[in-house]
Structure formats: structure tokens, C-alpha cells
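Just so you know, these numbers use all the heavy atoms, side chains as well, and skip hydrogens, waters and symmetry mates.
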Amino acid sequence: MESCPKEDIEGLKDVFLEENIYLITEEGEQGRLPVLILSMNKSDQKKRPAIVFIHSSYKCKEWLRPLLEAYASRGYIAVAIDSRYHGERASSTTTYQEALISSWKNGDTMPFIFDTVWDLIKLADYLVQREDVDPCRIGITGESLGGMHAWFAAAADHRYSVVVPIIGVQGFQWAMDNDKWQARVDSIKPVFEEARIDLGKSVIDKEVVEKVWDRIAPGLASQFDSPDTIPAIAPRPQLIIHGGEDPRCPLAGLHIPISRAEEAYKKAGCPENFKFITESGIGHQMTASMVKAASDWFDRFLKPIHY
């Protein structure tokens, strides 16, 4: 993240405007959404582009501060949130895992992806009303789990006009059909172990995986999977960044969604608005070149007014 392009401004941190606010997205404890916003402290009334950043699993919004500072220095309004059961929304290091298990057993929440996507929709409600935000220039990006959140939020809400999911896009049904689900399952294994026991299985198998996805994120491996939702983002600019050896998001599972997306952008008359970057030899890892590629993409399509 430290490699992200930043304006060379003397006393930069002294000219940042930092806001820490809370939005109420629904009833209950998890409906209180913590938001961190960094921007240049300017007195003019010009509307600026905003970019929402979402952290990976077991991180928090403050972890993204190097990116927020870099983008804010270049004229963006940089926004980060704590996703569900993370950061200020976690009471312990096991809160997220406990929420996943509770979702499996009770089916009353969707902590893996969908509940945070709802928060991001409500965040868009807030951002488009701000006097300093250009409502037509709101980008969204994230790493790993945050990349999934960015992908699904953009598919659900057209107000996210530019999207860059980093090491987050995968084919959930493809992984099950091709016995490539293990690395993703291992990232949140306790819920699958709990399901295995409840289903009377001696090992986690495809049936366990399928039942867990259907329970904690209904439609994740069907109508909301990448072959349908990635093309749905067209014609809005979309850059997907991937590690060529990523076991959690297997490259082979993206052939169909990428092909369908390319066709959707061609049909919309803007093939240049879609790009897929794969870094060979890279696993489930965000690299400096990925950070730079995302920055260049946002500058291309959301270029801020320089002050």
C-alpha cells in the first residue's frame, strides 16, 4: 500500500481533513457502520470524486490508511469502512468466525458478503448527498474479502461508477464442480467444520461446501456468481486484478465470467472499459504493481481536479 502514488506536498498530513462518522444501516449492533474519510482540507465548493476502500478478512479500516492518504493527496475523497464483524464491529478476534457459525445454524444473517454489501449501498446513499462528492464519480475497490465486497456492491448498485476488485473475484460453482474449493474453505474453516458435524460427515466435502454457501450466502453459487454479476457491471469501468497462482480464486474458474464480461462491454460499445490483469507466479497476495494498476485505473476514469 505504501507504493501507491502520492502527491509530494509539504506538511501533507497537516492539510488532511479526517472524519470519523457512523451511519445507521439497519437495526441492531451490526447496523452501526463506522466510516473513516480522508480528504484535502479545501475551502472551495468543487465536487470531487470519492473512492471507497474495503479491507480484507481480519483487518480494519485503519489498516487502509496508507491508501487513503495517497488518494486524498491527489484530490480524491478517500473512504474506508469496517466490514461486518471487523474492526469496531468486532468484540474479539473470533467475532467474525462466530458470526459465520451463527449464520449457518440460524440463517438470520449473511456475514460473509451480503450484509456488508447492504452497508455499502447505504454508504452510497450518504456519499451522493455530500456537498463535496461528485455523485457520478464514486469508485470502489478492495482486497480479498474486500474485493468480493467491491464486486458485489458494484453489481448491486450502479452508483459505484468505477470498480476494481483485487484478488477477490472467483467462480464459486466452478470451484465446487472442479474440486478447487479447499483454499477458500480453509480461509473460514470453522463454519465448514461446524456444518460437517451437523451434517454427520467425517470430512468436509462438496456437499458440505454447497450447503454452507446456500445457507450463509443464498445464490452465491448460482444467480449471484461471477458469470452473471461480473458482466452486469458493464458498461461501467471495471478492472479485475488477479494472482495467477491464487488458490482461493483459481484462475481457471474465471474464464467464463471474463469472457462474458468482455462480450458485455463490446455489446455496450465500450470494450476499453473492461480489463483483466493477471500477475503470473503470484498467489493470494496484493502486490505493489496491483496497487499501482488500481491507482492508474481510477485516475483514468475518475481523474480529480488538481488543486
Side-chain angles (χ1 to χ4, degrees), residues 1 3-4 51-57 64 67 71 113 116-117 120 138-175 178 180 183-184 187 220-221 224-268 270-302:
M1 288 190 290
S3 65
C4 190
I51 300 179
V52 175
F53 300 84
I54 312 114
H55 58 79
S56 55
S57 298
L64 293 162
L67 288 179
Y71 277 83
I113 295 176
T116 296
V117 169
L120 290 166
I138 301 176
I140 189 167
T141 186
E143 176 201 4
S144 190
L145 177 63
M148 293 186 214
H149 288 143
W151 149 29
F152 280 100
D157 194 327
H158 70 277
R159 292 174 297 183
Y160 289 111
S161 58
V162 181
V163 56
V164 183
I166 302 173
I167 61 170
V169 177
Q170 69 176 100
F172 288 93
Q173 186 62 53
W174 180 93
N178 292 273
K180 297 291 185 181
R184 171 57 61 200
S187 69
L220 184 65
F224 300 139
D225 206 352
S226 55
D228 292 315
T229 49
I230 289 298
I233 295 171
R236 288 167 288 153
Q238 178 179 193
L239 169 65
I240 297 174
I241 307 178
H242 210 70
E245 306 300 325
D246 189 341
R248 295 187 186 178
C249 304
L251 181 60
L254 294 184
H255 292 331
I256 291 176
I258 297 303
S259 176
R260 288 186 180 179
E262 290 173 343
E263 185 61 31
Y265 280 86
K266 287 178 183 176
K267 187 175 181 179
C270 52
E272 70 281 0
N273 281 11
F274 181 76
K275 189 173 183 180
F276 178 53
I277 296 176
T278 303
E279 289 200 18
S280 62
I282 298 298
H284 195 69
Q285 173 189 356
M286 184 171 70
T287 66
S289 55
M290 291 177 180
V291 170
K292 178 62 164 57
S295 174
D296 290 346
W297 190 260
F298 283 123
D299 280 353
R300 176 181 172 186
F301 290 101
L302 295 178

Test side-chain contact (heavy atoms from CB on, under 4.5 Å) applied to Glu143 and Leu64, step by step
CA-CA 10 Å; Glu143 176 201 4; Leu64 293 162; over 6 Å; no

Which one of Arg184, His242, Lys180, Arg248 satisfies the side chain to side chain donor-acceptor pair (under 3.5 Å) criterion with Gln170?
Arg184

I'd like to check [X] versus [Y] (side-chain heavy atoms, cut-off strictly below 4.5 Å). Are they in contact?
X: Tyr71; Y: Ser295; value: yes
X: Phe301; Y: Ser161; value: no
X: Trp151; Y: Val117; value: no

Passes side-chain contact (heavy atoms from CB on, under 4.5 Å), Asp228 versus Arg260? Steps please.
CA-CA 8 Å; Asp228 292 315; Arg260 288 186 180 179; 3.6 Å; yes

Sidechain-backbone polar pair: [X] side chain, [Y] backbone, donor-acceptor under 3.5 Å:
X: Tyr160; Y: Val52; result: no
X: Asp225; Y: Phe172; result: yes
X: Asp157; Y: Ala153; result: no
X: Arg159; Y: Ile138; result: no
X: Thr229; Y: Phe224; result: yes
X: Gln285; Y: Gly243; result: no
X: Ser56; Y: Gly146; result: no

Could you walk me through whether Trp297 and Ile241 pass side-chain contact (heavy atoms from CB on, under 4.5 Å), step by step?
CA-CA 11 Å; Trp297 190 260; Ile241 307 178; over 6 Å; no

Assess the residue pair Leu120 and Ile54 against the criterion (side-chain contact (heavy atoms from CB on, under 4.5 Å)); give the C-alpha distance rounded to whole Å, side-chain angles, the decisive distance to 0.1 Å, and a yes or no.
CA-CA 10 Å; Leu120 290 166; Ile54 312 114; 4.2 Å; yes

With a 6.0 Å cut-off (strictly less than), is the heavy-atom count around CD1 of Ile256, excluding the residue itself, greater than 12?
no

